[in-house]
Amino acid sequence: MKNLKLAALNHTEGKRTLIEIGSHIIGEDFVVIGGPCSVENETQLMESARAVHDAGAHMLRGGAFKPRTSPYDFQGLGLEGLRILSRAKKKYGLPIVTEVVDPRDVSWVSEFADVLQIGARNMQNFSLLREVGFSGKPVILKRGMYSTLAEWVNCAEYILKEGNPNVILCERGIRTFETYTRNTLDLSIVPAAKEVTHLPVFVDPSHGTGKYSLIEPMCYAAIAAGADGLLIEVHNCPEKALSDAKQQYTPEVFASLMKKIEKAVVCMRELSND
Ligand code: PEP
Ligand code: MN
């Protein structure tokens, strides 16, 4: 791929990037990130964190800065949201994944986050990419909703170029003519991204479909496609969620899904070793 240097698979002579976060090695262990779309208040986040922890998921997500279509919708709790996430980390020991939307916030948000998320809407915010590059923190780089593979991996290149090798790509669906789903989850991008880069690739079936009923089958499909992990929205009480209410899992359904995901990962690994 033209101009791709540090992110290219041939740059590492085929060796895949491994990223150590807490007790997990991304790229080696299959990692599930669960948690609500937004941090809304202490009780909501703590109950959701407990659900994520008890189900056996590996990291906790929650947005403190929410990039919303309407400026009148809930924008997130900002610093207070990060403080709540920190308390959940202390209580449940789960590494924290949270979105950063403004280059000026990267250094202080990094004090709370174990993994910084760059949202789909900010994939090509080049000053934000440079700043997370300087931070050295692991970064989840969501695919922009109108982005090609080349555009996406070049954004990863921006982060790597500033000296941060810890980049995880995350497919979260793209815009197509289909309106039944919120987005069209492009799972063929998983093996494609792994053909051109050495970076780990995650899949977010929650935003990728926007529909509760479609998330479970897309989890299995993502595992079959070679994903290194999943990002799944889980809320203690989805019908009351302040954002993305239609796609968040209840604690009970998430716990049963986690068991099936573990089995699917084992099956897929057996299959690929054959
Ligand atoms: C999110 O993860 O809550 C989010 C806003 O995702 P995306 O940037 O993929 O829309
Ligand atoms: Mn969301």
Side-chain angles (χ1 to χ4, degrees), residues 31-40 44-45 48-49 52 57 59-71 73-78 81-82 84-85 95-102 105 109 113-125 128-129 132 138-147 151-152 155-156 167-176 181-187 189-190 193 201-212 214-215 218-219 222 227 229-250 254:
V31 166
V32 180
I33 302 168
C37 183
S38 310
V39 182
E40 299 168 12
Q44 169 257 359
L45 197 269
S48 304
V52 168
M59 297 190 194
L60 175 66
R61 62 149 286 146
F65 296 95
K66 295 306 302 175
R68 303 302 301 280
T69 302
S70 163
D73 287 340
F74 178 60
Q75 303 286 308
L77 298 180
L82 295 170
I84 296 173
L85 283 166
I96 299 298
V97 180
T98 198
E99 180 163 354
V100 61
V101 297
D102 188 319
D105 296 337
V109 173
D114 296 287
V115 182
L116 296 170
Q117 180 172 311
I118 303 285
R121 292 154 191 83
N122 267 316
M123 185 197 83
Q124 280 186 319
N125 182 337
L128 186 59
L129 296 176
V132 299
V139 180
I140 288 190
L141 178 65
K142 295 267 197 120
R143 181 184 182 187
M145 54 190 95
Y146 299 105
S147 303
E151 287 160 347
W152 189 22
C155 291
V167 179
I168 301 157
L169 299 169
C170 182
E171 159 64 21
R172 48 78 71 205
I174 49 174
R175 279 273 167 92
T176 66
T181 45
R182 181 177 180 187
N183 291 292
T184 297
L185 190 64
D186 176 15
L187 287 176
I189 209 77
V190 176
V201 184
F202 273 43
V203 170
D204 168 356
S206 305
H207 296 88
T209 64
K211 272 200 158 64
Y212 204 90
L214 304 182
I215 294 170
M218 289 304 99
C219 287
L230 293 166
L231 190 155
I232 303 169
E233 286 191 337
V234 184
H235 191 288
N236 64 318
C237 188
E239 67 272 21
K240 293 210 181 114
L242 296 181
S243 58
D244 289 351
K246 290 200 187 87
Q247 67 190 36
Q248 304 201 59
Y249 264 20
T250 61
F254 183 62

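In each ligand, atom 1 is the first atom listed, and ligand 1 is the first ligand listed. From a predicted model like this one, the values you see are computed outputs, not experimental measurements.
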* Exam field: side chain R61 to backbone C37, donor-acceptor pair closer than 3.5 Å -> yes

* Asked: So, Q44 side chain and S38 main chain: donor-acceptor pair closer than 3.5 Å or not?
  -> yes

* Residue and atom, protein N/O/S, under 2.8 Å of the Mn ion (ligand 2) -> C37 SG, H207 NE2, E233 OE2, D244 OD2

* Asked: Checking E171 side chain against D186 main chain: does a donor-acceptor pair fall under 3.5 Å?
  -> yes

* For ligand 1, which atoms have a heavy atom of R121 less than 4.0 angstrom away? -> 7 (P), 8 (O), 10 (O)

* Structure fact -> for atom 6 (O) of ligand 1, nearest protein heavy atom and its distance come out as K142 NZ, 2.9 Å

* Would you say G63 contacts ligand 1, with heavy atoms under 4.0 Å as the rule? -> no

* Should one rank M123, R61, E99 by closest heavy-atom distance to atom 2 (O) of ligand 1, which comes out on top? -> R61

* Contact atoms of ligand 1, heavy-atom distance to G119 under 4.0 Å -> 8 (O)

* Asked: Are side-chain N/O atoms of H207 and D244 paired as donor and acceptor at under 3.5 Å?
  -> yes

* Compute the minimum heavy-atom distance from E233 to ligand 1 and say whether it is under 4.0 Å. => yes

* Side chain of E233, backbone of Q247: donor and acceptor closer than 3.5 Å? -> no

* To do: Examine D204 against ligand 1 and note whether any of their N/O atoms are separated by less than 3.5 Å.
  => no

* **Check: W152 side chain, M123 main-chain N or O, donor-acceptor pair, under 3.5 Å** => no

* Inter-residue atom distance E40.CD - I84.CD1, 0.5 Å rounding -> 10.0 Å

* For atom 4 (C) of ligand 1, the protein heavy atom that lies nearest, with its residue and separation -> H207 NE2, 3.5 Å

* Which class fits the ring pair Y212 and Y249: parallel under 30°, tilted 30 to 60°, perpendicular over 60°? -> tilted

* Listed partners of D105 passing salt bridge (charged side-chain N to carboxylate O under 4.0 Å, His left out), at least two apart -> none

* Would you mind listing which atoms of ligand 1 come within a distance below 4.0 Å of any non-hydrogen atom of R172? => 7 (P), 9 (O), 10 (O)

* Which pair of heavy atoms, one from D114 and one from P95, lies closest together, and at what distance? -> OD2-CA, 3.3 Å

* **Main-chain N/O of S206 paired to D204 side chain as donor or acceptor, under 3.5 Å** => yes

* Identity and separation of the nearest protein heavy atom to atom 8 (O) of ligand 1 -> A120 N, 2.7 Å

* **Ligand-residue contact atoms, ligand 1 with C37, heavy atoms, under 4.0 Å** => 3 (O)

